[in-house]
Q: 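I am attaching a structure below and will ask some questions about it afterwards.
Numbering starts at 1 and runs along the sequence shown.
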Amino acid sequence: MPLQMGWERQRTVLSADRMTSPADRLHPALVHHIVHHYRWPRLRPVQEMALDPILDGHNTVILAPTAGGKTEAAFLPLVSRMLDEDWQGLSVLYLSPIRALLNNQEHRLREMLTLVGHQVGVWHGDIPDSEKERIRHEPPSVLLTTPESLEGMLISRRTSAAQMFAHLQAVVIDEVHAFAGSDRGWHLLAVLERLSRWTLPPADVPSPADLQRIGLSATVGNTHDIVHWLSHGSARPRTTIDPPRPDGDLPDVTLDWVATLENAARVLATLHRDEKRLVFCDSRVQAEELTVLLRRLDVETWITHSSLSTDVRSRTEQAFAEASRGVIVATSALELGIDIGDLQRVFQIDAPWTVASFLQRMGRTGRREGTRPNCTFLAITEAGLLRAAALLDAWRHHAVEPATAPTAPFHVLAQQMIAHTLECGTRTRNELLDTTLTLCEAAAIDPIDAEQLLEHLVDEQLLFEDEGVLGLGDEATAQLGRRNFLELLSVFTSPPPFTVLQGPREIGQVSASTFEPGEQVQQTLLLAGRTWRVGTIDWARRKAWVTPMETVGKVRFEGQGPGMSALLAAAHRRVLLGSSAAEEHWSRRAAPVLAGLRDEHGFLQDDGVVGTLEDRTITLWTFAGDRANRRLGHWFRLLGWERV
């Protein structure tokens with residue numbers, strides 16, 4: 001719908017029945033800049049649908065594909081309220097699961113806020129102390145950060161939470177489905193509860209303040225559950241914005257069998273050479289190896305993943321965004337809303353582990369008028385080929401995994417009890433338990449279990465108690481107090497990586513298992529799409545210095561892929577039984593390989609569990625997903641079975 005072409009709030013005639021534009025509720029100065037600076041002829045449907053609920057103060061979850069306009073859908077009404085209601089100080093927090101997304105969003109939000117006379121700041125581990133000190137003294141109107149960095153501000157003695165967050169009005173959580181489906185979601189809810197206690201409520205509202213919460217999400221299987229999960233502890237009305245997808249032809253999707261990564265590189269070197277292509281790999285090692293193979297075939301290739309340094313990633317993504325053609329090889333990090341410019345094609349080596357990931361990745365394409373979203377799967381393993389076929393079958397059945405947080409997050413609850421005690425100095429038992437009440441209610445933790453956990457922390461001297469008052473214990477200070485309690489904030493831990501440097505310049509981080517201990521004649525390393533000779537290794541400081549070389553090296557990264565969901569497991573059964581809804585997407589090379597896999601699994605049934613016996617080992621084919629299989633394996637081990 002057209003926007004007003006001036007500063008006056010006026011009705012806009014759209015047709016003979018004189019409808020009113022939803023943008024009439026936006027502040028006139030903001031509308032002026034939308035029209036004359038951005039030159040938008042109209043708002044997108046998702047942006048129009050989000051105006052009323054956000055302007056009316058609802059907790060809102062906005063669902064749209066990557067680059068679907070979700071960020072503006074959240075911030076246009078928030079900025080309008082900022083102007084209409086004269087918000088002062090730090091008014092809005094924008095939380096993201098990764099730093100790269102913060103850096104990527106900074107420019108577009110800074111541009112919008114600067115137009116109306118407000119400032120934007122960024123706060124995470126890569127931001128210099130001098131900039132953080134400036135933010136402490138002159139808080140911007142909008143601050144971009146992660147939940148972990150936000151908690152760092154809450155416990156820091158250098159940051160006055162009472163001053164920093166006194167005027168906070170709203171929190172925007174990007175990629176909220178990524179939080180809701182993991183332990184980080186429980187941590188997020190707990191930190192929001194603590195944050196609200198530092199915010200001054202309106203005069204007619206009892207403390208604590210009820211901050212408005214706005215989540216931005218891709219498609220998930222439980223769309224309307226997300227806003228209720230995000231609203232735990234909040235009494236605000238709740239709204240989900242889920243615009244209908246436009247009708248039209250199916251996306252251009254092909255499942256191909258290429259057998260090896262080398263063959264995948266040859267296909268990529270041949271297809272669509274004059275277009276910009278994004279290739280997803282589901283491991284960082286595979287991404288590094290594919291980049292080397294493509295460069296050997298004279299394909300202009302970039303690589304980005306989470307183990308590369310911030311500087312390397314930002315320069316790489318900017319260079320690809322400015323290029324007219326070429327390939328960027330990436331892991332799941334580019335599923336998120338990071339801007340890499342216009343894109344024509346998406347390829348996938350083997351397959352991701354969720355339909356939601358597939359939709360996000362395919363959604364990178366088809367944005368220009370007259371084009372369709374597309375994705376070509378290049379399967380290099382039989383397991384990857386079968387998983388891709390199952391994903392496509394689930395997609396054609398319109399099935400998407402729900403974002404469901406893990407149960408019983410007692411480790412998060414324990415961390416929150418310690419962190420809140422550090423934040424406030426001392427707490428009574430009731431005060432501490434009351435602060436974690438939202439987390440306990442949301443995660444269905446029995447209050448008795450919470451009290452027993454608190455007793456355990458006191459017994460272990462992580463907390464101490466003196467006449468009913470709790471404080472930080474000696475063990476907490478000894479175990480967690482190094483580097484200003486940074487380890488306390490790392491509730492989701494992994495082994496510390498090695499930092500790889502070329503002179504003073506950081507290239508990225510790798511697992512310690514990449515290196516051989518002791519004196520070696522020569523060690524090589526594959527990182528950032530090229531091979532390096534390892535020189536000095538500082539084991540104590542976990543740093544390695546390298547120089548470039550031509551031969552092929554190796555690399556290892558910590559971490560493992562997600563388990564298989566029950567939804568995807570059920571789709572595997574359908575594919576193997578010959579009832580797939582997506583066979584039209586199989587290539588002539590993929591179809592006979594999948595037919596062979598069906599023949600190998602001819603013993604399967606339409607439902608129920610099938611058992612096979614080989615070499616005195618029973619294999620149960622449950623098709624129930626990894627979570628159910630782990631539970632079943634646990635019970636078998638309790639029965640004394642030797643192998644599960």
Side-chain angles (χ1 to χ4, degrees), residues 1-5 21-84 87 91-96 101-120 122 140-144 169-177 212-219 239-246 321 336-342 360 363-364 367-368:
M1 296 182 181
L3 297 170
Q4 301 99 312
M5 296 300 294
S21 166
D24 283 341
R25 292 194 64 188
L26 291 176
H27 190 279
L30 181 59
V31 172
H32 175 83
H33 290 301
I34 291 172
V35 172
H36 295 288
H37 178 81
Y38 291 106
R39 299 188 180 277
W40 294 351
R42 64 187 68 234
L43 296 181
R44 297 185 184 186
V46 68
Q47 294 163 352
E48 291 184 343
M49 294 172 67
L51 287 180
D52 283 344
I54 295 178
L55 287 170
D56 293 339
H58 292 200
N59 289 338
T60 306
V61 168
I62 303 170
L63 296 140
T66 302
K70 296 188 295 292
T71 303
E72 289 78 11
F75 274 93
L76 287 175
L78 286 177
V79 172
S80 183
R81 289 187 61 196
M82 190 179 296
L83 299 173
D84 273 327
W87 288 355
S91 305
V92 180
L93 281 175
Y94 168 96
L95 302 181
S96 161
L101 190 53
L102 298 175
N103 298 333
N104 193 259
Q105 293 282 36
E106 178 188 6
H107 171 74
R108 63 197 298 191
L109 290 177
R110 188 181 300 279
E111 181 181 22
M112 180 188 295
L113 270 293
T114 301
L115 288 171
V116 294
H118 287 267
Q119 299 299 314
V120 170
V122 182
S141 300
V142 177
L143 183 64
L144 285 63
Q169 302 285 338
V171 180
V172 178
I173 302 99
D174 207 350
E175 307 294 345
V176 68
H177 59 283
Q212 185 177 12
R213 306 176 187 189
I214 301 169
L216 312 181
S217 178
T219 300
T239 299
T240 298
I241 305 299
D242 189 9
R245 304 299 182 260
L336 307 181
I338 296 171
D339 184 14
I340 53 171
D342 200 12
Q360 288 251 112
R364 283 283 187 177
R367 297 174 188 166
R368 291 184 302 173

Q: Can you tell me if Asn59 uses its side chain to pair, donor with acceptor, with the backbone of Arg213 under 3.5 Å?
A: yes
Q: Say whether, by atom type as modelled, one donor and one acceptor occur between the side chain of Gln169 and the main chain of Trp87 under 3.5 angstrom.
A: no
Q: Side chains of Leu95 and Asp174: closer than 4.5 Å at any heavy-atom pair?
A: no
Q: With Glu111, which residues qualify under salt bridge (Lys or Arg N to Asp or Glu O under 4.0 Å), at least two apart?
A: none
Q: Where the side chain of Ser80 meets the backbone of His27, is there a donor-acceptor pair that is under 3.5 Å apart?
A: yes
Q: When rounded to the nearest 0.5 angstrom, what distance separates OH in Tyr94 from CG in Leu216?
A: 7.0 Å
Q: Donor-acceptor check, side chain of Lys70 to backbone of Ile62, threshold 3.5 angstrom: yes or no?
A: no
Q: Do the charged groups of Asp56 and Arg25 touch, with an N to O distance under 4.0 Å?
A: yes
Q: Could you tell me which non-hydrogen atom of Pro77 sits nearest to which non-hydrogen atom of Leu55, and how far apart they are?
A: O-CD2, 3.5 Å
Q: Just by distance, with hydrogens left out, do Gln47 and Arg42 show a side-chain donor and acceptor under 3.5 Å apart?
A: no
Q: Charged N to carboxylate O below 4.0 Å: is that the case for Arg108 and Glu72?
A: yes
Q: Pick out which of His37, His32, His36 makes a side-chain contact (heavy atoms from CB on, under 4.5 Å) with Leu115.
A: His37
Q: If I compare all heavy atoms of Ile54 with all of Ala74, which pair ends up nearest, and what's the gap?
A: CD1-CA, 3.9 Å
Q: Do Ser217 and Glu175 pair up side chain to side chain, a donor and an acceptor below 3.5 Å, judged on atom types alone?
A: no
